[in-house]
Amino acid sequence: MSEEQIRLPQMREEVVSAVRALADPEYQKRVWIERKYPNPDYFDDFTLNVNILGDATVLDNPYAAIGYTLASEEEAQAMKGLSDRLLHIIEEVGSESPDSAFLASPLWDGIAEAARNALEVMAQ
């Protein structure tokens, strides 16, 4: 399936954007922690990105998102790897914790790595 056959292309763009944010520690530090936004109307944080992935169903069941926001089983598999790590860190750190607590967790490097992998697969 090609990206042109995706039924929810705008939502796919949001998924890619969320995964890109999760893959970029420099961005996370600058935007999520230091709150240095590119413009006054801008907002982004860890919770927003997790919610985007949840709304697109790629957190709970990435395989069900094939054809909607994901283009292939490979993408779903990569998102499953990210999803498993996200759900684990949320359980370990606590869903109400500040972004700084997530970024300080020893589990965080695995999040960024899984997100980079998912981005790479989605860019193919």
Side-chain angles (χ1 to χ4, degrees):
M1 173 176 293
S2 70
E3 277 193 49
E4 292 78 37
Q5 295 171 305
I6 296 290
R7 290 182 211 143
L8 301 171
Q10 284 101 355
M11 187 167 278
R12 178 184 174 84
E13 287 177 26
E14 290 183 32
V15 168
V16 170
S17 179
V19 173
R20 187 175 295 117
L22 291 166
D24 187 346
E26 294 300 317
Y27 174 85
Q28 296 155 10
K29 183 177 182 284
R30 183 178 68 251
V31 176
W32 298 355
I33 305 300
E34 298 171 0
R35 305 254 188 248
K36 293 181 182 170
Y37 303 132
N39 64 61
D41 295 329
Y42 191 86
F43 179 80
D44 192 13
D45 68 0
F46 175 64
T47 301
L48 178 65
N49 290 289
V50 169
N51 287 342
I52 288 169
L53 298 179
D55 291 347
T57 71
V58 297
L59 266 187
D60 297 330
N61 189 355
Y63 293 95
I66 296 172
Y68 294 94
T69 57
L70 302 179
S72 66
E73 187 153 331
E74 292 78 20
E75 287 186 3
Q77 186 173 7
M79 288 304 298
K80 176 84 168 106
L82 177 57
S83 170
D84 288 348
R85 289 175 184 246
L86 283 169
L87 296 173
H88 181 68
I89 198 171
I90 290 167
E91 184 178 303
E92 290 295 316
V93 175
S95 62
E96 299 301 316
S97 297
D99 290 357
S100 58
F102 288 99
L103 272 60
S105 168
L107 300 172
W108 191 257
D109 286 344
I111 299 290
E113 180 183 320
R116 283 191 295 274
N117 178 60
L119 264 184
E120 191 175 302
V121 171
M122 293 179 83
Q124 294 176 2

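Note that these values count all heavy atoms, side chains included, but never hydrogens, waters or copies made by symmetry.
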Hphob cluster co-occupancy, Leu22 + Val121, side-chain heavy atoms under 4.5 angstrom: no

Side chain to side chain donor-acceptor pair (under 3.5 Å) partners of Glu120, counting only residues at least two apart: none

Euclidean distance, Ile89 CD1 relative to Ile111 CD1, rounded to 0.5 Å: 5.0 Å

Reported CD1-to-CD distance for the pair Ile66 and Gln5, which is rounded to 0.5 angstrom: 13.0 Å

Listed once per pair and sorted, the salt bridge (charged side-chain N to carboxylate O under 4.0 Å, His left out) pairs that draw on residues 30-55, sequence neighbours left out: Lys29-Glu34, Glu34-Lys36

Shared hydrophobic cluster, Tyr37 / Trp32 (ILVMFWY, side-chain heavy atoms < 4.5 Å): yes

Rounded distance [0.5 Å steps], CD1 in Ile6 versus OG1 in Thr69: 7.0 Å

Sequence-distant partners of Ala18, side-chain contact (heavy atoms from CB on, under 4.5 Å), two or more places apart: Asn49, Ile52, Leu53

Minimum-distance pair of heavy atoms, taken over all atoms of Ala78 and Ala118: CB-CA, 3.8 Å

Shortest non-hydrogen contact between Ser83 and Val58, atoms and distance: CB-O, 3.9 Å

Partner set under side-chain contact (heavy atoms from CB on, under 4.5 Å) for Ala64, not counting sequence neighbours: Asn61

Spatial distance of atom CD1 (Ile33) from atom OG (Ser100) [nearest 0.5 Å]: 5.0 Å

Where at least one partner belongs to residues 81-109, residue pairs that pass salt bridge (charged side-chain N to carboxylate O under 4.0 Å, His left out), sequence neighbours excluded: Lys80-Asp84

CG on Asn51 to CD on Glu14, rounded to 0.5 Å: 11.5 Å

Smallest separation among heavy atoms of Ile90 and Val50, with atom names: CD1-CG1, 3.9 Å

Residue pairs involving residues 92-118 (criterion ring-ring contact (aromatic ring centres under 6.0 Å, His included); sequence neighbours excluded): Phe46-Phe102, Phe46-Trp108

Closest approach of Ala112 to Pro25 (non-hydrogen atoms, all atoms of both residues): CB-CG, 4.5 Å

Linked, directly or transitively: Val15 and Tyr27 (ILVMFWY side chains, under 4.5 Å): yes

Inter-residue atom distance Tyr63.OH - Met79.CE, 0.5 Å rounding: 11.5 Å

